[in-house]
Colleague: 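One structure follows; several queries about it will come next.
Letters A, B, ... are given to chains in the order of the sequence lines, protein chains preceding strands, and every chain is numbered from 1.
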There are 2 protein chains.
Amino acid sequence: MTVYEYLLSYQIKPSVQRIAIMDYLLKHKTHPSIDEIYIALCKDIPTLSKTTVYNTLKLFVEHGAAKLLTINEHNACFDGETAPHGHFQCKYCGKIYDIPLAFDREVSEKLETKGFQIEETNLYYKGACPQCAENNVKEQ
Amino acid sequence: MTVYEYLLSYQIKPSVQRIAIMDYLLKHKTHPSIDEIYIALCKDIPTLSKTTVYNTLKLFVEHGAAKLLTINEHNACFDGETAPHGHFQCKYCGKIYDIPLAFDREVSEKLETKGFQIEETNLYYKGACPQCAENNVKEQ
DNA sequence: TTTAACTTTGTAATTGTTACAATTTTATTT
DNA sequence: AAATAAAATTGTAACAATTACAAAGTTAAA
């Protein structure tokens, strides 16, 4: 399936900019920020506006084609992977890792019994990734 | 234990401002923002500066006496409850509820086996709280 | 009591994000 | 194909949350 068709499957009208941004999201599993996407795509689309990147990602999130991550307190990150999963952010290098989201249904079921309607779940771990953990040990 | 002693137990040197802010956090389990705290305490401490509220909460978080919540994309919220637990934020009224954090150890253990050092865990549910869920149904 | 260290304060700067009007592009109708 | 309408993109300006920083105030130590 092309990115063009992929956008259509989420009821999003494709455009050059939208295709480029979704393509970037699908090919770069780095949970990029607005700036990362903007800087990367400016080379191919020199007229690209940062506002368009903001608008487009908002649109993607509204249509369920991308997920907004609030794991980083300084700026929003985006994930093109829509299947449920969690994240681990290294406090030292900042990298965000995907992790399986395989926790107990018990809690969410209990919430739903009480009348809470869960629309999304975010699981964020923070700490030291293997590389940084090793480096820190060596420094000490 | 007084708030004064409580701060000391976290290696935080007490001051009028720090005591007032921690007292507010401990008495108001509403996961307040900087502004909420600032506005509430200005009545008692008219000279209070918003910068002090920022500095103080940063200090609390560094010392483990408060937890920073990034559940709200527009501004930071703070939680004086340090025991591990998750949160549910209603997308309609904005209220944040505490929920038990009783999910599988399996995932975190697997991460630790791979060399990840987990320092904190954040579980954020979002959706409709019981009240808002009911109101929405009635409107439709 | 003097000095040093730390805390608080207010202002200004910075940064991420949003509002908005003008322009450009795309789709529709004639 | 031309005219019109609708939608998307752009750039600038506004906004809001946060941080930097220097001055003033407070507390602790000598």
Colleague: Could you check whether A:Asp79 pairs with A:Lys29 (Lys NZ or Arg NE/NH1/NH2 to Asp/Glu carboxylate O, under 4.0 Å)?
Modeller: no

Colleague: As an exercise, state the distance from OG1 of B:Thr51 to CD1 of B:Ile34, rounded to the nearest 0.5 Å.
Modeller: 10.0 Å

Colleague: Between which nucleotides of DNA chain D, 5' to 3', does chain A make heavy-atom contacts below 4.0 Å?
Modeller: D:dA7 to D:dT19

Colleague: Whole angstroms only, please: what is the NZ-P distance between A:Lys50 and C:dT17?
Modeller: 9 Å

Colleague: On DNA chain D, does the nearest nucleotide to B:His74 precede the nearest nucleotide to B:Thr51 from the 5' side, or the other way round? Give the residue.
Modeller: B:His74

Colleague: Please report, rounded to the nearest Å, how far the C1' atom of C:dA19 is from the CG atom of A:Asn55.
Modeller: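 In whole Å, C:dA19 C1' and A:Asn55 CG are 10 Å from each other.
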
Colleague: Just the rounded figure in Å: distance from C1' of C:dT17 to CG of B:Asn75.
Modeller: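 So the two atoms are 13 Å apart, to the nearest Å.
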
Colleague: From C-beta outward on B:Thr56, which listed nucleotide comes closest to its side chain: C:dT17, C:dT9, C:dT8?
Modeller: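 Shortest atom-to-atom distance from the side chain points to C:dT8.
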
Colleague: Looking at side-chain heavy atoms only, is the closest gap between A:Glu36 and A:Thr30 below 4.5 Å?
Modeller: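 Contact flag for A:Glu36/A:Thr30 side chains = yes.
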
Colleague: Any Lys/Arg nitrogen of A:Lys91 or B:Glu119 sitting under 4.0 Å from an Asp/Glu carboxylate oxygen of the other?
Modeller: yes

Colleague: Are A:Phe78 and A:Leu48 linked, directly or through intermediate hydrophobic residues, by side-chain heavy-atom contacts shorter than 4.5 Å (ILVMFWY only)?
Modeller: yes

Colleague: Does the ring centre of B:Phe116 sit less than 6.0 Å away from the ring centre of A:Tyr97?
Modeller: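 Under 6.0 Å, so yes.
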
Colleague: Do the side-chain N or O atoms of A:Tyr54 get closer than 4.0 angstrom to the phosphate oxygens (OP1, OP2) of C:dT17?
Modeller: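 Yes, within the criterion.
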
Colleague: For DNA chain C, which residues in residues 7-44 of chain B have a heavy atom at a distance below 4.0 Å?
Modeller: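 Within residues 7-44 of chain B, the residues near DNA chain C are B:Lys13, B:Ser15, B:Gln17, B:Arg18.
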
Colleague: What I'd like to find out is whether the side chain of B:Phe88 reaches to under 4.5 Å of the side chain of B:Ile71, using heavy atoms alone.
Modeller: no

Colleague: So, do B:Val3 and B:Arg18 sit near enough that their side-chain heavy atoms are less than 4.5 Å apart?
Modeller: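 With C-beta onward as the side chain, the pair stays apart.
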
